Amino acid sequence: MTIEATTKSTVDAMVLQHEVEQFLYHEAALLDSHSYDEWVDLFTADAHYFMPLRRTMTRRQLHLEFTKPGEMAYFDEDKNWLEIRAKKFATGTSWAEDPPSRTRHLITNVRIVEDDGDELAVHSNFLLYRTRLKNDVDQWVGRREDRLRRVGTGLAIVKRFIYLDQTVLQSGNLSTFF
Amino acid sequence: MTDVPRAVDRLDDLVSLDTGEIDRTIFSDQEIFDLEMKNIFGRAWLFLCHDTQIPKRGDFFEAPMGSDNVLVVRQRDGSIRAFLNTCSHRGNAVCRAEEGNVRNFMCTYHGWTFGLDGELVGVPGKSIFYKDKLDLSKHPLRKVAQLDTYRGFVFATFDETAPPLEDYLGATGRLGLDMIAERGDMEAVPGVQKFTVHTNWKFTVDNVFDYYHPQITHMSAFSVGLIPAPPDDFVEGGAKSDTGANLEVPFLPTDLHNFVVVGEYGHAISGPDQESLEVTAGTEPFAWRHKPEVEARLGRHGGRVAGHPHIFPSTWVTTNAQLSLRVPRSPDVTEIWWFSFRDRNSSADEQAASLDSQIHFFGPAGMLEQEDGENWAQSTLQTKGLKSREIPQLLKMGLGTSEVVKEDGLAFMDAPINEHAQLWTYHAWREWLRNPSWEELRERTIPRDRY
Ligand code: FES
Ligand SMILES: [Fe+2]
């Protein structure tokens, strides 16, 4: 391989990394500004959004730590359910978010682990910080496994699996998105 | 500090069946909480898990029993035992996983090892250090006093004098569990949701019967059609928004037709009557009960239940095959655990539809339960103010207007939305706190003829 070719593939990788990161940051900004309709628009019609339960298991049985689709979960959504959730937040009577939570989605450790031309597998870590009312604080840390699809307008989310770093949830609800 | 009498010394004043008033201090008083742990959770039959969660030998599930945690373990002979998750040597938890499968439990402090039956079977240095003077048979994991199952639901009590489980449940408690068991060949869906609400556990319990709150608390769920309501039927003028506009509070045909069952030891059922709910929601969600054998087993009155059964002190059965445990951790911290069930004989599509509804209604991300926690957390906070806590908690709705009918072992009332079951629960709660004998407790929780 020539030096030019090596440089070109590195630059291509950096451009792609940049595009993916900007997409995830844009998405986070939509969530933090409660622009849920626009956020749901980032998902494909066949999207699957899933947050399993997690259980404290011994190392030997760690393969059973997370529940799987078809088992109990916190979120197991198709695009229709995401739309209903967004609509519910917009009713004006969704008291869990009125006064609204203040959230900050910090997205880090973005890695493109697979690229087949049409779709990308992207892993990232997140810290979602939320405060409510005068002094309620929740923090959720975890990782996400996304599948992003190249569409006319850029990228869209086909699949998002969210793995929280908690077993007994320390918060009173999950009235937000990850 | 003025000499305010301690709440534990004035149990008589804390709950009034005549005025429907409750003393707010019971939601944050540490001494009350300690007494609850001792006299209620230290004696009652408590739900631990479902039989199908631990099918194989060595399967275990850790469950709360009041201020203790127990390991529920499938034995070699297929039976189930439960013991405190604390090492008989120096107290360490002998198991740090929430569930799993083991051959034995080895304590990670000094290595004492316990069999599935809780017997101490291994002690490092038994000969060299202990000189064979330690009698292993004297130091097993401590067992619960009694353990039994009702239709696959595993319960235990720390009180060896407690009546048998079926008697404790009575017709009301059994009917509650039948609402899951009668649906088919039921098994637990893998995964128990667990989350933490900063509230007193009793707020999470009395809410089980509260059919007055969904119209407001869950108004957004009505708006997006999650709870079916007739499109144009609203109650005007009750609730107004902060701009003065009338809130369109949905009004359901079931609101006038609630069916309330109150039972000994404090069990209760409250909510819509089956027939009126089917008019609102369509018959489909209740197809499972329109079989002659099921109808016969539920009975003519039991078959009318379409609301929420509650097994005293802290186990709620929903209308979509879920069971929720309200787990008190401190006066103002409660964990909520959700167990979900499915019919083994139903099709993959039916199972998926059932799971879909279980995930989307309850649990921390559930589109109903998202809204509940903050109401309870704020209610708990306001029981701490010197002046705020002097205001009584009101459970007056329908007070004194309902005849109790006693038939087929059930005591029930027909009424519009009301607060009978909540008040019943607090009445029983107070009687439990007095720590009477089981016979006295049963007598004091025999329903009267009118509420
Ligand atoms: S505390 Fe368990 S072996 Fe010592
Ligand atoms: Fe509710």
Side-chain angles (χ1 to χ4, degrees), chain A residues 49-62 64-78 80-81 83-99 101 132-136 138 162 164 166-178, chain B residues 62 95-102 188-199 216-226 239 241 247-248 322 327 329 334-340 348 351-352 355-356 358-360 363-367 369-378 381:
Chain A
Y49 180 95
F50 185 76
M51 183 195 283
L53 306 191
R54 187 172 199 166
R55 297 163 285 204
T56 306
M57 306 289 278
T58 59
R59 210 167 268 279
R60 190 172 52 82
Q61 294 195 288
L62 216 51
L64 300 172
E65 186 181 23
F66 292 101
T67 55
K68 298 186 246 329
E71 302 179 340
M72 192 34 72
Y74 289 121
F75 289 94
D76 192 349
E77 319 290 302
D78 55 15
N80 183 45
W81 274 120
E83 280 166 355
I84 293 173
R85 287 182 183 275
K87 214 164 114 197
K88 176 172 170 288
F89 285 137
T91 54
T93 58
S94 189
W95 315 122
E97 285 300 317
D98 189 2
S101 296
R132 281 197 56 64
L133 309 187
K134 286 174 286 196
N135 47 21
D136 289 355
D138 290 298
I162 305 142
L164 274 190
Q166 292 182 16
T167 53
V168 178
L169 279 192
Q170 298 302 298
S171 49
N173 76 9
L174 296 171
S175 62
T176 181
F177 294 107
F178 292 80
Chain B
E62 193 195 47
C95 175
R96 274 101 56 91
E98 295 171 84
E99 51 192 272
N101 181 279
V102 291
V189 178
V192 176
Q193 294 181 331
K194 302 175 184 174
F195 66 106
T196 312
V197 182
H198 287 266
T199 186
I216 299 295
T217 297
H218 304 301
M219 189 174 259
S220 56
F222 279 99
S223 300
V224 297
L226 289 169
S241 77
L247 278 188
E248 293 192 328
Q322 286 186 287
V327 185
R329 293 298 189 193
T334 302
E335 281 174 24
I336 296 186
W337 289 26
W338 279 104
F339 299 77
S340 309
Q351 291 194 359
L355 181 64
D356 198 48
Q358 291 168 338
I359 288 175
H360 286 96
M367 276 181 275
E369 203 163 33
Q370 271 183 353
E371 249 79 33
D372 285 309
E374 198 158 278
N375 287 341
W376 305 330
Q378 289 294 316
L381 267 181

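We name chains A, B, ... by the order of the sequence lines, and we start the count at 1 in each one. In this text, all values refer to a predicted model and were calculated from it rather than measured experimentally.
- In this structure, no portion of B:Glu248 lies under 4.5 Å from any heavy atom of chain A.
- The distance from the CZ atom of B:Arg96 to the OG1 atom of A:Thr56 is 11.0 Å, given to the nearest 0.5 Å.
- With contacts defined as side-chain heavy-atom distances shorter than 4.5 Å, the pair A:Leu133/B:Gln378 qualifies.
- A:Thr91 and B:Ser223 get closest at one heavy-atom pair: CG2-CB, 3.7 Å.
- Proximity of a side-chain donor or acceptor of B:Gln193 to a complementary backbone N or O of A:Ala73 within less than 3.5 Å is detected.
- Contact of the B:Gln370 side chain with the A:Leu174 side chain is not registered, since no non-hydrogen atoms from C-beta on lie closer than 4.5 Å.
- Comparing B:Gly191, B:Pro190, B:Gly225, B:Gly100 by heavy-atom pairs within less than 4.5 Å of chain A, the highest count is held by B:Pro190.
- Contact count versus chain A (heavy atoms, under 4.5 Å) is highest, among B:His360, B:Glu99, B:Glu98, B:Glu369, for B:His360.
- What you find for B:Ala365 and A:Phe75 is that their closest heavy atoms are CB-CZ, 3.6 Å.
- Rounding to the nearest 0.5 Å places CD of B:Gln358 at 5.0 Å from CE of A:Met72.
- Both the backbone and the side chain of B:Glu371 come within contact range of chain A, each with at least one heavy atom under 4.5 Å from a heavy atom of that chain.
- How far CG of A:Leu53 is from CD1 of B:Ile359: 8.0 Å, rounded to the nearest 0.5 Å.
- At least one donor-acceptor pair under 3.5 Å links the side chain of A:Gln61 to the backbone N or O of B:Asn101.
- The part of A:Phe89 that comes within reach of chain B is its side chain, from C-beta onward, which places non-hydrogen atoms under 4.5 angstrom from that chain.
- The part of B:Val192 that comes within reach of chain A is its backbone (N, CA, C, O), which places non-hydrogen atoms under 4.5 angstrom from that chain.
- Only the side chain of B:Leu226 comes within contact range of chain A, judged by heavy atoms closer than 4.5 Å.
- Comparing A:Thr58, A:Asp76, A:Leu64 by heavy-atom pairs within less than 4.5 Å of chain B, the highest count is held by A:Asp76.
- Per-residue counts of heavy-atom pairs under 4.5 Å with chain B were compared for A:Glu77, A:Gln166, A:Arg54; the largest is that of A:Glu77.
- Shortest non-hydrogen contact noted between A:Leu169 and B:Pro364 is CD1-CG, 3.6 Å.
- Atom-to-atom distance recorded for A:Asp78:CG and B:Asp356:CG is 7.0 Å, nearest 0.5 angstrom.
- The residue among B:His198, B:Glu335, B:Glu374 with the most heavy atom pairs within less than 4.5 Å of chain A is B:Glu374.
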Could you go through the side chain to side chain contact (heavy atoms under 4.5 Å, CB included) check for B:Met367 and A:Ile84 one step at a time? CA-CA 10 Å; B:Met367 276 181 275; A:Ile84 293 173; 4.1 Å; yes
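- Chain A forms more heavy-atom pairs under 4.5 Å with one residue of B:Cys95, B:Ser220, B:Ala348 than with any other, namely B:Ser220.
- In terms of non-hydrogen atom pairs under 4.5 Å with chain A, the most contact-rich of B:Thr199, B:Val102, B:Thr217 is B:Thr217.
- Each of A:Glu83, A:Arg85, A:Lys88 was scored for a side chain to side chain contact (heavy atoms under 4.5 Å, CB included) with B:Val224, with one residue passing: A:Lys88.
- Contact count against chain B (heavy-atom pairs under 4.5 Å) is highest for A:Arg132 among A:Arg132, A:Lys87, A:Lys68.
- To the nearest 0.5 Å, atom CH2 of residue A:Trp95 and atom NE2 of residue B:His218 are 12.5 Å apart.
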